[in-house]
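The structure appears right after this line, and notes come after that.
So you know, we letter chains A, B, ... as the sequences are listed, proteins then strands, and number each from 1. What you see is a predicted model; the values in this text were computed from it and never measured.
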Protein chains: 2
Amino acid sequence: MTRGTGRGGASPAPRSVDVARLAGVSQKTVSRVFNDEQYVSADVRRRVLEAAEELGYRRNNAARALASGRTRSIGVVTLGTALYGPASLLMGVERVVRDTGYALRVVNTMEGDPAGIAGAVDSLLDQGVDGIVVSEPIDELAAGGDTALRVDVPVLVLGAPSPVVAPTVLTAGDGADLMARAATEHLLDLGHATVHHLAGPQAWYAARDRLDGWRTTLTAHGRTVPPVVEGDWSAASGHAAGRELAADGDVTAVFAANDDMAIGLMRALAEAGRRVPHDVSVVGFDDVPVAAYVTPPLTTVPQRFDAVAQEGLKRLVHAIENPDAIPLPASDPPVDLVVRASTAPPPNRTAPVRGRAAASRSRSAAPTAPHANGGRPTPN
Amino acid sequence: MTRGTGRGGASPAPRSVDVARLAGVSQKTVSRVFNDEQYVSADVRRRVLEAAEELGYRRNNAARALASGRTRSIGVVTLGTALYGPASLLMGVERVVRDTGYALRVVNTMEGDPAGIAGAVDSLLDQGVDGIVVSEPIDELAAGGDTALRVDVPVLVLGAPSPVVAPTVLTAGDGADLMARAATEHLLDLGHATVHHLAGPQAWYAARDRLDGWRTTLTAHGRTVPPVVEGDWSAASGHAAGRELAADGDVTAVFAANDDMAIGLMRALAEAGRRVPHDVSVVGFDDVPVAAYVTPPLTTVPQRFDAVAQEGLKRLVHAIENPDAIPLPASDPPVDLVVRASTAPPPNRTAPVRGRAAASRSRSAAPTAPHANGGRPTPN
DNA sequence: TTGAAAGCGCTAACAT
DNA sequence: ATGTTAGCGCTTTCAA
């Protein structure tokens with residue numbers, strides 16, 4: 001537990017020379033010890049460490065950065081929301097970054113922020129980071145009118161193709177289209193004629209990806225592609241969209257681009273007297289912690305934020321430390337739907353329902369429908 | 001839109017001397033311009049800015065920090081979770097920090113992390129931050145066995161009393177007990193004989209605060225204080241606790257320490273055949289975005305994360321920049337409950353219910369109970 | 001209003 | 001295995 005004593009406002013912080021003097025070695029040797037370089041005898045190392053401990057020495061990172069040209073820090077550009085996706089990704093990133101010995105600097109972008117991602121990246125560059133992570137970018141670069149931002153450190157983009165130009169650009173977690181496919185196919189397999197989509201804001205790559213996956217799947221199966229309803233990720237927008245969808249008797253299955261919207265949607269359906277999953281099936285995306293506990297428990301596509309962050313950062317750090325090596329290849333995590341109680345076969349396979357509530361009230365009114373897990377929530 | 005051109009791997013980054021030479025001034029003058037110091041003629045300023053633009057100059061922060069002894073950065077210690085509270089607070093902090101011109105460094109602590117908060121603070125100190133924000137600390141310092149960590153920069157603690165010793169320690173957002181009181185009194189006002197509490201993990205100051213507020217309120221009203229059930233903030237733990245509470249026919253009102261647990265709790269009650277709010281009223285805490293859209297819409301105590309972060313940081317920055325001045329006073333934001341449809345008078349005022357479901361089925365089975373907002377979700 | 005000189009505390013390169 | 005010598009690019013004196 002080496003821990004600074006905190007000089008009580010008095011004497012200035014000790015420097016490596018002070019440690020060197022006390023240990024009877026040169027400054028360079030102190031540097032060697034603290035950088036874990038080789039060629040330091042066990043005895044000298046011990047003496048240096050003791051001297052440092054005694055003085056309460058901690059090395060000055062600014063001086064280190066200035067002399068070495070590296071800050072040993074990684075910057076993250078993330079969206080200024082507490083949305084489950086971005087927040088989880090950020091936490092995952094922090095964890096891995098710390099493990100790799102880098103410091104983390106964070107800059108937010110807000111939707112509608114004029115400076116946008118370019119401004120955020122720019123400010124990180126000002127701070128002198130060694131690498132940059134752009135998490136879940138939305139595209140507003142076009143609005144800037146400026147040419148695409150050029151960056152001279154490696155960049156990792158999470159959940160999207162890259163919005164910047166850099167010598168090394170890596171991506172991870174951009175397989176949302178495949179996951180959307182799994183969701184859509186699940187509903188088709190249950191017998192639904194087609195699947196409606198409650199999309200996320202189309203400025204987000206992540207939202208477009210999910211929409212693409214959904215559309216492609218329907219087309220591949222020869223189904224009609226119904227008009228898209230767009231939300232803003234919030235439960236409130238899902239609720240608003242749900243009122244529209246509830247009014248359309250043809251809607252028997254909806255794939256929502258995230259769980260929050262799915263929850264708002266289910267609420268609107270309930271208010272309109274359309275039961276989930278009996279009349280309408282709903283699939284979400286993310287697997288937020290409450291998903292298993294809403295009514296009915298939500299079938300959804302879990303995202304593996306930790307895995308994505310870890311995988312991506314491993315490659316980013318590799319790129320930072322081996323500028324001339326070939327970047328490590330990406331490997332996307334597998335897709336697996338979590339089936340709970342918000343999905344079921346359509347109300348009437350042969351005669352599509354027209355108007356609301358035709359031939360319903362037949363099955364149990366309990367919100368937890370029959371399924372693999374019998375309506376019992378699945379903690380995850 | 002001053003933006004680095006990104007030298008294509010070739011020429012080294014321009015320094016302030018280069019700019020000075022091109023502008024025909026001294027290095028110091030360039031420094032003056034970039035630091036917005038006074039005593040620079042408009043003409044010289046313009047020439048310097050042009051030269052800088054032309055060269056794609058951006059100043060070196062490491063050198064700046066080394067020369068000035070200040071990093072112009074603030075460190076945040078936060079919990080490594082995507083929990084709504086901590087995540088929202090972090091986002092709020094980032095927003096304000098950026099506005100004040102400081103950079104943000106983030107370090108997580110995980111529950112059960114041996115190094116804990118002390119280790120996190122220590123690593124920020126290593127990075128040379130000018131101030132530290134500790135968000136929603138849990139207490140594990142005792143476990144370290146070490147004396148309390150001493151820090152020589154100002155510290156702002158969010159949502160708790162301070163776990164560290166520093167020359168300046170500020171706190172903000174630690175009024176959870178008052179908010180818990182509002183929740184408890186709301187239920188008593190509805191006529192409930194007493195209120196049960198589904199608490200958060202007691203290692204968290206925030207959880208203990210809410211529990212204290214609840215207990216104090218019951219005592220002040222002369223009510224019996226029922227045994228506490230403890231969860232871990234998750235909907236899953238709320239669900240588990242809910243099974244217990246549902247089995248106890250005396251339970252007519254529960255105050256949960258956060259919304260996620262309240263949602264899990266409501267699910268468990270529904271599964272047990274106890275209707276919310278008809279048989280049991282539930283109040284949450286936080287006002288997460290989905291709270292208005294679960295079934296039934298949840299009555300809860302909203303937290304004003306942005307206000308807390310803003311208020312706290314204003315004071316922290318003041319303390320950093322005026323080390324010898326008296327710290328600015330705290331001002332806690334007001335409390336206001338959001339009443340939705342998960343609370344109602346107890347099922348039978350005069351004869352307490354024994355066993356389950358006595359005298360129920362009387363009111364509408366619709367989950368949205370009668371209330372100010374008529375069961376219509378209130379977007380926030 | 002501007003400039004010259006002297007470090008800030010470390011690491012890099014080259015001895016030894 | 002250890003020491004010496006130069007800077008890294010800026011801000012801080014102090015002069016002018």
Side-chain angles (χ1 to χ4, degrees), chain A residues 4 7 11-49 51-52 55-73 101 103 125-128 130 321, chain B residues 4 7 11-49 51-52 55-73 101 103 125-128 130 321:
Chain A
R7 40 221 62 72
S11 54
R15 297 150 303 153
S16 64
V17 239
D18 301 321
V19 175
R21 196 149 31 215
L22 183 59
V25 299
S26 76
Q27 192 189 26
K28 175 67 222 189
T29 298
V30 174
S31 166
R32 282 204 178 90
V33 170
F34 276 87
N35 289 314
D36 274 322
E37 286 174 32
Q38 48 183 357
Y39 303 134
V40 203
S41 70
D43 179 55
V44 168
R45 156 168 270 111
R46 194 183 41 69
R47 261 165 44 220
V48 168
L49 256 16
L55 261 29
Y57 170 72
R58 75 193 333 150
R59 69 190 155 178
N60 182 319
N61 254 288
R64 230 154 96 80
L66 179 56
S68 68
R70 292 182 45 202
T71 57
R72 280 149 246 259
S73 69
L125 255 18
D126 264 351
Q127 294 180 47
D130 294 337
E321 294 177 352
Chain B
R7 39 222 62 73
S11 54
R15 298 150 303 153
S16 64
V17 239
D18 301 323
V19 176
R21 198 150 28 215
L22 183 59
V25 297
S26 76
Q27 191 189 27
K28 174 66 223 191
T29 297
V30 174
S31 167
R32 284 205 179 87
V33 170
F34 275 86
N35 288 314
D36 273 321
E37 288 175 31
Q38 47 183 358
Y39 302 134
V40 205
S41 69
D43 179 56
V44 169
R45 156 168 271 111
R46 193 183 41 68
R47 261 163 47 219
V48 168
L49 257 15
L55 260 31
Y57 170 71
R58 74 192 337 149
R59 72 190 153 177
N60 181 320
N61 255 288
R64 230 153 95 79
L66 178 57
S68 69
R70 291 183 45 202
T71 57
R72 281 146 246 257
S73 68
L125 254 20
D126 265 350
Q127 293 180 47
D130 295 337
E321 295 178 351

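Of the residues near DNA chain D, A:S68 and A:R45, the one whose nearest nucleotide (by heavy atom distance) lies more toward the 5' end is A:R45. The 5' end of DNA chain C is approached more closely, in terms of each residue's nearest nucleotide, by B:V25 than by the other of B:V25 and B:A67. Mapped onto DNA chain C by nearest heavy atom, B:A63 and B:Y39 fall at different nucleotides, with B:Y39 at the one closer to the 5' end.
Across A:V19 and A:A52, no two heavy atoms sit closer than the pair CG1-N, 3.9 Å. Smallest separation of non-hydrogen atoms from A:D18 and A:R21: OD1-NH2, 3.1 Å. Residue A:A62 comes nearest to B:A65 through the heavy atom pair CB-CB, 3.6 Å, listed as atom of the first residue, atom of the second, then distance. Minimum heavy-atom separation, A:Q127 to A:T71: O-CG2, 4.3 Å. Considering all non-hydrogen atoms of both residues, B:S73 and B:G128 come closest at OG-O, 4.4 Å.
Note that the first and last nucleotides of DNA chain D, 5' to 3', having any atom under 4.0 angstrom from a heavy atom of chain A are D:dA1 to D:dG9. Running 5' to 3' along DNA chain C, contacts with non-hydrogen atoms of chain B at under 4.0 Å begin and end at C:dT1 to C:dG9.
Looking at A:N61, its side chain does come within 3.5 Å of a backbone N or O of B:D126 through a donor-acceptor pair.
With sequence neighbours left out, the side-chain contact (heavy atoms from CB on, under 4.5 Å) criterion links B:A67 to no other residue. Under the side-chain contact (heavy atoms from CB on, under 4.5 Å) criterion, B:D43 pairs with B:S41, B:R46, B:R47, not counting sequence neighbours.
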Check: residues 27-34 of chain A side-chain donor-acceptor pairs under 3.5 Å, at least two apart:
from: A:Q27; atom 1: NE2; to: A:S16; atom 2: OG; distance (Å): 3.1
from: A:T29; atom 1: OG1; to: A:S26; atom 2: OG; distance (Å): 3.3
from: A:S31; atom 1: OG; to: A:N35; atom 2: ND2; distance (Å): 3.4

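Here A:N61 lies out of heavy-atom contact (under 4.0 Å) with every strand.
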Worked verdict on A:V25 versus A:R45 for side chain to side chain contact (heavy atoms under 4.5 Å, CB included): CA-CA 10 Å; A:V25 299; A:R45 156 168 270 111; over 6 Å; no
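Contact check of residues 26-33 of chain A against DNA chain D (heavy atom, cut-off under 4.0 Å) returns A:S26, A:K28, A:T29, A:R32.
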